[in-house]
Asks: 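Please find one structure pasted underneath; my questions will follow.
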Amino acid sequence: MTKFLKILLIIFLSILMLIAILFFTYAAITKDAKLNADKLTGSGQNVVIYDNNGNDVISASLNAQKKSVSVSNLQEHTVNAFIASEDRTFFTHNGLNYKRMLKALYKNIVSRSFKEGASTISQQLIKNTHLSNDKTIKRKLNEIKLTKQLEKRYDKKEILEMYLNTIYFGHNCYGLQSASEFYFNKKAENLSLTESATIVGLLSSPNNYSPFKNPEKSLKRRNLVLKSMFDCGYIYESVYNEAVNSPLNTVKSTAENRYDSYINAVFEELSEIDFNYYALADGCIIKTYLDTEIQNLIETYEYPCDNAVIITDNVSGGVKAYKTTINGAKRQPGSTVKPIFVYAPAIEEKNISPFTKIFDEKVDFNGYSPENFDKKYHGYVTVTECIKNSYNVPAVKTLNSLTVDKCENYLTAMDVKLEDGEKNLSLALGGMKYGLSIKEIADKYSIFPNGGHYRPSHYVKEIVSKEGKILYKDDYAFNSVFSVGTCSLINDILLETTKDGTARKLKDFNFDIASKTGTCGNAEGNTDAYAVSYTSEHCITVWLGDKDNKRSNITGGNDCCKIIKPIIQSLYENHTPKNLNTQAGTEAINIDCEEYLQNNKIVLADPVCPKLNILTVKTLKDGKHYEQSERFSKPVISAPSISVTDRAVNIELCQTKYYSYIVNRVDNNQIITIFDGKWQKFVTDKPGYGVYVYSVIPYFDDGKNKYFGEEILLPAVNMNKNGSDTQIKIPDIAHKDWYNQ
């Protein structure tokens, strides 16, 4: 045998050995993988949801609620939407798309991850009903084995039907029929082309592409599905063009059950956390933070319009109650973002303090001219006044000084991702492309009672399997955003907002309640109204408006605060919450009151400043360094004027509140004090004939010491016999240091 043939034989045997090793490895790893027909149809699903006290709230047999569809009854475009988007070769492959698998394998090797899955509809059905979400080789091999078994036992129509009846579409909708009824209030067999594409668009991320929560993202995703259908030849170009230009037209089912909002939010949360909620097929217990008493209160309240209410626990981070008629949709947040987006970051950056004065005036930032809600300007106003009265212009000015880039750094730490079109000064007034949900607003405000730490609130506390195994536990870590000092200052300001600001309808409680309100609208009416109130224990957030943006006269300070009041009464019926922290991380500084009130300047009070001229204010500990005043330890005055009238020398002193004066006259090289005392407008002297030089020395007397300022020499005067009282300059006298001789 030649050397070449020997090499070929070795290579051939090596390949055979490798194949044998792979085969036996595959067989060993997948030996326990068995297809379960009951799981393919969701049989036996039973989920029990507990409230925060461990009481059974809902025992839901998802199998009983599940409404099946038959592929034969569906519109052709509905089936085609799934095929075009999820698995274009579904009807021709044997369950596995080897070309896509090799391509995905290559990408995963390059990226050193398991990002690419290359799953067919058959594989998705197996993964959703039989396997976990673990991205491991073992799980993938089990998926391949079970998919082959599936394809051998069932035909394509049966597989597609089982897939459509078990897939999750968000909002607690398992199966196409449930999704059709929830999103469009119709049977699946009656779905239009665009409706079918909208529902298919949900599959990759039901929570992210919900038409109720993120309509713009949902629309883009729907149009992507339509493009796939067009590329596959399922629809003509004219049909495609018409479809992509049509609105979403979602119509939520009007059927409401007890705790619907909260339960839907529970299942939505499962899609956001690292948990495979297809594992619910085996049954489990979901423990929540739900407080049924508070939930009943907000569900039975008579609301004037569309509404959303959320109550979160500041200690546990759990949602105690939640109700919404807009399914968690994002709305324009208006003035509620001012403390979060603008003032807290500016305080943290030491740009401002609560007592900092901002000039409220008509401004123009390259064509952007914000106006206050009352169409008025208020001159110099403090940061505290700006927040509690919700002035717009100072907020925009503060953001301009802070810069949007610095603001964005803080927003990133709070899980707020700005779109490119949002990175401008209108952000200070809540100008956002998609806005924020009421839960997101509540989560941001919980930072302040928690000393600067941020964590999103949660509905689910724990998930336990029927065998007692903990499948999930809420143990999210906090993320530090602001210092405790910044939070203390914001707490203080928002307490003032409740006492005599826009949230004063809540001022009657005898414990600390910090609040902020917000209203979005124009001269034609308002579209969104908010109120956020928090204590040391809870954060209560209310939104009122219209899901279709119809105008009304609702306001945050009036209508939303009315709703918050009975909630607070119920929460603290039997106890009083601790006061909010308004001192930690802060320090008191003394500033010059006169400079502050009359000249709008912030300077540290002179150490020898009179007590009546000291204003004590609170700022960040080791915060901004202000200039130290010396106007009492080193008095300074404007030069007095001197004149001669009727043979009398008149010296006019500039008016001061606390200074005293010494007025001297130089007479034959002798210094004569003609006045020493508190300010008076004129000091008059009647010397004889001759040339005289006068000087003025300001000083401050604190009762123990006298602090002298610089001596001011006045122009010389000539008192002559001819009656000519001409004022003259005599350099060799005027520049002589008479006082220190």
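Here, residue 1 is the first one in the sequence, and each next residue gets the next number. Worth knowing before you read on, the calculation uses all heavy atoms, side chains too, and leaves out hydrogens, waters and symmetry mates.
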Asks: Less than 3.5 Å apart, any donor N or O on the side chain of Tyr534 or Asn491 sitting next to an acceptor on the other?
Replies: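 Result is yes, a qualifying pair exists.
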
Asks: Out of Lys217, Arg222, Lys220, which one pairs with Tyr209 under the side chain to side chain contact (heavy atoms under 4.5 Å, CB included) rule?
Replies: Lys217

Asks: For a quick check under 3.5 Å, do Ser119 and Gln124 share a side-chain donor-acceptor pair by atom type?
Replies: no

Asks: Is a side-chain N or O of Asp512 found less than 3.5 angstrom from the main chain of Leu580, in a donor-acceptor match?
Replies: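 Yes.
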
Asks: Evaluate side-chain contact (heavy atoms from CB on, under 4.5 Å) for Leu74 paired with Leu176, printing each intermediate quantity in order.
Replies: CA-CA 10 Å; Leu74 296 176; Leu176 180 59; 3.9 Å; yes

Asks: Side chain to side chain donor-acceptor pair (under 3.5 Å) between Thr527 and Asn549: does it pass, once the steps are laid out?
Replies: CA-CA 5 Å; Thr527 56; Asn549 289 321; 4.7 Å; no

Asks: Assess, by modelled atom type and distance only, whether the side chains of Glu195 and Ser192 contain a donor and an acceptor separated by less than 3.5 Å.
Replies: yes

Asks: In terms of side-chain geometry, is the basic nitrogen of Arg455 or Asp474 positioned less than 4.0 Å from the acidic oxygen of its partner?
Replies: yes

Asks: Please report the closest heavy-atom contact between Leu427 and Cys407, naming both atoms and the distance.
Replies: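 Taking Leu427 first and Cys407 second, the nearest heavy atoms are CD2-SG, 4.0 Å.
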
Asks: Under 3.5 Å, side chain of Asn53 to main-chain N/O of Asn55, donor-acceptor pair present?
Replies: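 Looks like no, no N/O pair under 3.5 Å.
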
Asks: Closer than 3.5 angstrom, by distance alone: can the side chain of Ser85 be matched with the main-chain N or O of Ala81 as a donor-acceptor pair?
Replies: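 Such a contact is absent between Ser85 side chain and Ala81 backbone.
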
Asks: Judged by modelled atom types alone, do Asp306 and Thr325 share a side-chain donor-acceptor pair under 3.5 Å?
Replies: yes

Asks: Under 3.5 Å, is there a donor-acceptor pair between the Ser390 and Thr502 side chains?
Replies: no

Asks: Are the aromatic rings of Phe482 and Tyr410 close, with centres under 6.0 Å apart?
Replies: yes

Asks: Side chains of Thr535 and Tyr572: do they bring a donor and an acceptor to under 3.5 Å?
Replies: yes

Asks: Once rounded to the nearest 0.5 Å, what's the spacing between atom CD1 of Ile438 and atom OH of Tyr530?
Replies: 7.5 Å

Asks: More than 12 heavy atoms of other residues, nucleotides or ligands under 6.0 Å from NZ of Lys186: yes or no?
Replies: yes

Asks: Using modelled atom types and a 3.5 Å cut-off, is there a donor and acceptor pairing between side-chain atoms of Asn327 and backbone atoms of Ala329?
Replies: no

Asks: Do you see a donor-acceptor pair shorter than 3.5 Å between the side chains of Lys323 and Asn307?
Replies: yes

Asks: Nearest 0.5 angstrom please: Tyr50 OH to Glu462 CD, how far?
Replies: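 So the OH of Tyr50 and the CD of Glu462 are separated by 11.5 Å.
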
Asks: Does a side chain donor of either Tyr445 or Asn450 reach within less than 3.5 Å of an acceptor in the other side chain?
Replies: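 Note: Tyr445 and Asn450 side chains miss the donor-acceptor criterion.
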
Asks: Assess the pair Tyr322 and Tyr289: is the distance between their ring centroids shorter than 6.0 Å?
Replies: no

Asks: Could you check whether atom CD of Glu293 has more than 12 heavy atoms from other residues, nucleotides or ligands sitting under 6.0 Å from it?
Replies: no

Asks: Check for a donor-acceptor pair, side chain of Lys439 on one end and backbone N or O of Ile310 on the other, with a separation under 3.5 Å.
Replies: no

Asks: Apply side chain to side chain donor-acceptor pair (under 3.5 Å) to residues Asn52 and Lys320 and explain how you reach the verdict.
Replies: CA-CA 8 Å; Asn52 193 49; Lys320 295 180 70 70; over 6 Å; no

Asks: Without hydrogens or angle criteria, can the side chains of Arg221 and Ser204 be said to hold a donor-acceptor pair below 3.5 Å?
Replies: yes

